[in-house]
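Written below as structure tokens is the structure these notes are about.
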Amino acid sequence: MTIRTLDKVYDPRQVEERWSRFWIEEGLFHASPEDPGQPYCIVIPPPNVTGSLHIGHALNNSLQDILIRWRRMQGRNVLWMPGTDHAGIATQNVVEKQLAHEGTSREALGRDRFLARVWQWKAKSGDTIIQQLKRLGASCDWDRTRFTMDEGLSRAVREVFVRLYEEGLIYRGERLINWCPRCLTALSDIEVEREEIKGKLYSIEYPVVDEPSLRLIVATTRPETMLGDTAVAVHPDDDRYRHVIGRKVRLPLTGRTVPIVGDSILVDREFGTGAVKITPAHDFNDFDAGERHRLPRLPIFDYRAHLDRKGMQEAEVDASVIAALAALPVPKARSRIELLLRDGGFLRKVEDHTMAVGKCYRCKTVVEPYLSPQWFVKIGPLVEPAVKVVEEGRIRIIPEGWINNYLGWMRDIKDWCISRQIWWGHQIPAWYCRSCNGEFIKGPAPIDSSFPGEDRPSAPERLTILPGAKPIVAKEAPVRCPDCGAHEFLRDPDVLDTWFSSALWPFSTLGWPDQTVELKTYYPTAALVTGLDILFFWVARMIMMGLKFMGDVPFRDVYIHALVRDAEGQKMSKSKGNVIDPLGVMDQYGTDALRFTLASMASPGRDIKLAEERIEGYRNFANKIWNVARFVHLNLNGDREPCPPESRSFADRWILSRLNAAIRAVSSELEQYRFDRAASALYQFIWHEYCDWYLELIKPVLQQATTPEALRTRETLVESFERILRLLHPFMPFITEEIWQTLPHKGTSIVRQPYPIPSPEWDSKEIEEAFTLLSKCLSLVRTGRALLNYAPGATIAFFACGTTPPEQDVLSGLRPQLSHLGRGNVEVSRHDSWPTTDVLHLASEGITVGVTVEGDVDLQKALDRIMKQRSDTEKEANRIEGKLASVNFTEKAPPDVVAEHQDRLKTLRRDAAILASSETQIRAMLGTRGA
RNA sequence: AGGCGGAUAGCUCAGCCGGGAGAGCGCUGCCCUUACAAGGCAGAGGUCACAGGUUCGACCCCUGUUCCGCCUACCA
């Protein structure tokens, strides 16, 4: 295959799939513990099986793949462990939607058939995202792909659960938890999203018993909960209320009276009226207050967050009120109860009020605090070590700014509610002996008919294990009850929070609880790459579990990258229609372009606003490289010969020195996870140094097919380009492989080639300085050319003058390059003064160039330009002169800084003088021409 | 309410240890020069959010203010 015959335009579509397949077929991503090299392992943040590759995945996995390919090329024993997450609630929702579409439901199917259905769905479409990751070029060891509900990982889950339970770190209890009335399951604290909404603040009057003229006014945003109030709290030091503490109030709309208690924690004297109603069954703070004052809990909502007839009866709500409210969902109940209170004369006032409500992170339904028996992880003992490893730097968090976020969150952490009332997931390994626990087991309940107005075909089958039941927690189902010898058991119907199994991911994927050689080799993993959104969901818990069960950190570095937003900075969401589909981008611009874009925008501490123009720019970059390859191919056939650095040409030595610099920059930026700066270094070097300068400089040389210089330059060209491909490969794997394969090479793939390291013998400060001089001169030449706008075919002569002798020597040596790139007959003079034939002199940075032209030139244009340039130069010179004149500056600034300013002033003054002389000459010529 | 981050060219963003304001895109002009017009060259464009302070010197360090974003939170 040769590139020469191919099109001028790089077509990623003809390239990517081929190499993707090749890499996998050749086993190039496969890792083995026996392989040489220091282990380097990253575990992938497992995408949901329901998922399809979105732009966030694309970013996350592009960055990981850059690290992985880079380290692999460095010769490390690299394992990128892939897999997917069963994503309990999300996946169950997907399949439930399908069922609803078919006119059935999970309840109708029953648990076993429903689960079979989910597995079936997973088998069919569960590897969609894996295929998409492969398309992205992700160089995971795909043979090792894991799933959080694999047998092995499930074993790890049971092992961890049982051990934590036996240590008393997992317990079951009836607590107030966040409950999603749509998903009908508990949620952990962090699965609840807060949202500010405009609500109302209702002030309600509670008459004091035996003194009806005295009424306590309580303020609430949720009047419907007042039916479940079991106390009213005031601040114990509040003079307004001190005397009523210990008395009672009559609860409106009910037959109950409730005590007035003093509570300094709950009550803020400044807020509202200073009196607070307490509803322990429906509010987290009130729950705690209820504990403090030993108040009863009266739930008045059912699990659908509808007003519950039975609950209200137990709360002694007036029969007429029950009739009016039963089975109403919360918002309706709220407006209804407002009317009832108003009719009863209890409603003092209603004000606007903004408040925060919690919403289910999966379905955005408003969550309710709900009293129910759940499983919890006692998090306190696990937190301590997880805080310590970050504080001590055994785990680095990058960027460091997030460390405080992490530590702050860990300090406030509450026990983790791990049970979910869904079916898809790891069922909790707890069983209950039927005969011992008969009275504590309710259900499976018949379909509950007490909810008129149901919008679902049937209420779910619910097996309820009451808090008093005694579980048998074991890795396998028990056969005989240790207490009574009975053989009949009911398994706890709940499943574990998805994040429970994710927390074990760094070691469960490596084979734990078995002590595998993989585990020994690759744990602790090197780095974790993730977005901020799952720092707490996932990262913190992996650290806790890793320390607990492996006795070591799960990873050494945590790199937290930004969120991808659209060009307007909006969060991408399907509902807003502003989603950039990475697959579409890959189709249109190529995977390499997408990857490079994402890498180049991954600056720390700033969200990524992805604009399509940027991707287009990097698509062009890929094309640029493609065309370099075509150029290199033109020079592949000639003889080439190896040669030491000092025998190479100026351009060759310069580019090799610059290549060293680029290699150093890319490597050091990658060490620091500065993907953006690494990408920028590559772009800058390849496009603006290698292409714009080096390739242009060597063209005249290469035209002489057989000279020794041409042979050596050819050698340098091919050699340097091959190195560039390797340098770029982690960022743009496809195009680099495609081209690399067409160059002379050893080995099957660039994937396993060594990553370039700098060769100190190429470093040359002198050459780089000479190049700087050349580029300054050329820049002046080109500027002059552009502003003179001389006729095509006109000859033009350049004289360099006023530079120091060594610089003149350098310039004389570079005369061929100056002529070629300046597109004119360049002569470098050693004159100390300007030939009178000069049309104009240009000056910049102490370099001066005189230009003589033949043919028509736009003198007026040249004059305007030079006038402006002189004015700018003088302005700058005056500024520096003023600074130098300042006594403070010359006395207090470091001497080298002062000297630098003095040099600069001298240079500027000379530049200004030269420009002034040009100006005079042009004026004279204009005068002649005009006359 | 607290914490964190941001504010630099028309747009998106770099800017390291305080010392001459940068890139990409867009815009203007010239050029299809034998790798690339998805290209080359040359330009225009900036009160570095605002106000103080430290310093010989501030985009950079300190204080305060405004606006934007995010995270956390029990103010009913």
Side-chain angles (χ1 to χ4, degrees), chain A residues 3-4 8-10 190 194 201-202 218-222 225 233 265-268 270-279 283-286 288-289 353 355-356 399 401-402 404-405 408-409 412 532-533 535-536 563 565 567 569 571 589 600-601 603-614 616-635 674 676-677 680 683-684 688 691-692 695-696 699 703 778-779 782-787 789 792 820-821 823 845 861 865 876 879-880 883 886-894 896-898 900-901 904 908:
Chain A
I3 282 192
R4 201 183 328 181
K8 287 182 182 180
V9 174
Y10 171 61
I190 53 179
R194 298 282 158 179
L201 187 62
Y202 302 82
V218 300
T220 179
T221 54
R222 305 199 51 192
T225 62
I265 299 173
L266 183 68
V267 181
D268 174 0
E270 309 302 316
F271 188 88
T273 58
V276 187
K277 61 194 267 315
I278 300 181
T279 322
D283 183 279
F284 290 103
N285 295 311
D286 293 6
D288 294 342
H353 185 75
M355 56 186 197
W402 300 118
N404 284 335
N405 261 33
W409 184 76
D412 286 347
L532 182 68
D533 46 341
L535 180 65
F536 305 137
L563 231 60
R565 297 169 181 281
K571 208 166 181 168
Y589 298 105
S600 73
M601 301 190 83
S603 304
R606 198 190 278 252
D607 283 345
I608 297 176
K609 291 188 208 166
L610 191 60
E612 202 156 329
E613 300 81 59
R614 193 77 181 252
E616 198 179 332
Y618 292 119
R619 186 269 319 257
N620 295 353
F621 181 50
N623 194 50
K624 189 81 177 172
I625 291 157
W626 181 252
N627 280 289
V628 177
R630 295 176 69 235
F631 180 76
V632 170
H633 270 263
L634 289 177
N635 293 286
R674 286 305 301 261
D676 57 329
R677 296 208 292 216
S680 153
Y683 184 92
Q684 197 64 29
H688 296 304
C691 294
D692 287 351
L695 296 187
E696 294 307 322
K699 275 177 185 174
Q703 275 161 10
L778 208 48
S779 217
R782 286 165 166 171
T783 304
R785 202 183 151 84
L787 68 87
N789 195 22
H820 175 73
L821 295 178
R823 305 199 175 284
E845 304 294 322
K861 197 173 154 191
R865 256 304 299 283
E876 178 65 6
R879 196 184 66 82
I880 291 182
K883 198 169 176 177
S886 152
V887 180
N888 286 334
F889 179 75
T890 45
E891 278 176 1
K892 296 196 182 172
D896 56 321
V897 172
V898 175
E900 209 175 297
H901 278 74
R904 180 154 166 72
L908 288 168

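Scope of the values below: all heavy atoms of this structure, side chains included, with no hydrogens, waters or symmetry mates.
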Please report the distance separating the [atom1] of [N] from the corresponding atom of [M], rounded so that it comes out in whole Å.
N     : M     : atom1 : answer
B:G6  : B:A21 : P     : 23 Å
B:A76 : B:G5  : C1'   : 32 Å
B:G10 : B:G46 : C1'   : 12 Å
B:A7  : B:C13 : C1'   : 12 Å
B:U33 : B:G40 : C1'   : 8 Å
B:U47 : B:C30 : C1'   : 34 Å
B:G22 : B:G15 : C1'   : 7 Å
B:C68 : B:C50 : C1'   : 15 Å

Given that A:Asn405 and A:Gly401 both sit by RNA chain B, which one's nearest nucleotide is further toward the 5' end?
A:Gly401
The residue, A:Arg614 or A:Arg677, whose nearest nucleotide of RNA chain B is more 5′ is A:Arg614
Provide, to the nearest angstrom, the distance between the [atom1] atom belonging to [X] and the [atom2] atom belonging to [N].
X        : N     : atom1 : atom2 : value
A:Asp676 : B:C16 : CG    : C1'   : 12 Å
A:Lys277 : B:C74 : NZ    : P     : 17 Å
A:Phe621 : B:G39 : CZ    : P     : 12 Å
A:Phe284 : B:A76 : CZ    : C1'   : 15 Å
A:Asp286 : B:A76 : CG    : P     : 12 Å
A:Leu778 : B:G40 : CG    : C1'   : 13 Å
A:Glu616 : B:C36 : CD    : P     : 20 Å
A:Gln684 : B:C25 : CD    : P     : 11 Å

Which nucleotide in the set [options] lies at the smallest distance from any side-chain heavy atom of [X]?
X        : options             : result
A:Arg194 : B:C74, B:C25, B:A76 : B:C74
A:Asn285 : B:C74, B:G57, B:A42 : B:C74
A:Asp268 : B:C16, B:C75, B:A38 : B:C75
A:Asn620 : B:C71, B:G39, B:A35 : B:G39
A:Ser603 : B:A35, B:C13, B:G15 : B:C13
A:Ala893 : B:G24, B:G19, B:A35 : B:G19
A:Lys624 : B:A38, B:G24, B:A35 : B:A35
A:Asp692 : B:G15, B:G40, B:A37 : B:G40
A:Ser779 : B:A14, B:G24, B:A42 : B:A42
A:Glu613 : B:A35, B:A38, B:C25 : B:C25

Base, sugar-phosphate alone, or nothing: which one does [X] contact when heavy atoms must sit under 4.0 Å apart?
X        : value
A:Ser600 : nothing
A:Leu266 : base
A:Leu695 : base
A:Gln703 : base
A:Val887 : nothing

Using a 4.5 Å cut-off on heavy atoms from C-beta on, say whether the side chain of [Y] contacts that of [X].
X        : Y        : result
A:Phe889 : A:Val898 : yes
A:Arg222 : A:Thr279 : no
A:Asp286 : A:Leu266 : yes
A:Tyr589 : A:Tyr618 : no

Scan every strand shown for a Watson-Crick or G-U wobble partner of [N], both distances under 3.5 Å, and answer none if you come up empty.
N     : value
B:C27 : B:G43
B:C4  : B:G69
B:A58 : none
B:C48 : none
B:U34 : none

Could you tell me the separation between the [atom1] atom of [X] and the [atom2] atom of [Y], rounded to the nearest 0.5 Å?
X        : Y        : atom1 : atom2 : value
A:Arg619 : A:Tyr10  : CZ    : OH    : 12.5 Å
A:Lys883 : A:Asn888 : NZ    : CG    : 12.5 Å
A:Glu616 : A:Asn623 : CD    : CG    : 11.5 Å

Please state whether the base of [N] and the side chain of [X] form at least one donor-acceptor pair under 3.5 Å?
X        : N     : answer
A:Glu696 : B:U33 : no
A:Arg619 : B:A38 : yes
A:Lys699 : B:A35 : yes

Donor-acceptor check, side chain of A:Asn627 to backbone of A:Lys8, threshold 3.5 angstrom: yes or no?
yes
Based on the glycosidic angle (syn within 90° of 0, else anti), state the conformation of B:C59.
anti
Within the structure, does a side-chain N or O atom of A:Arg782 lie under 4.0 Å from either OP1 or OP2 of B:G29?
no
Side-chain N,O (A:His901) to OP1/OP2 (B:G57) below 4.0 Å
no
Run A:Asp676 and A:Ser600 through side-chain hydrogen bond (donor to acceptor under 3.5 Å, both in side chains) and show every step you take.
CA-CA 4 Å; A:Asp676 57 329; A:Ser600 73; over 6 Å; no
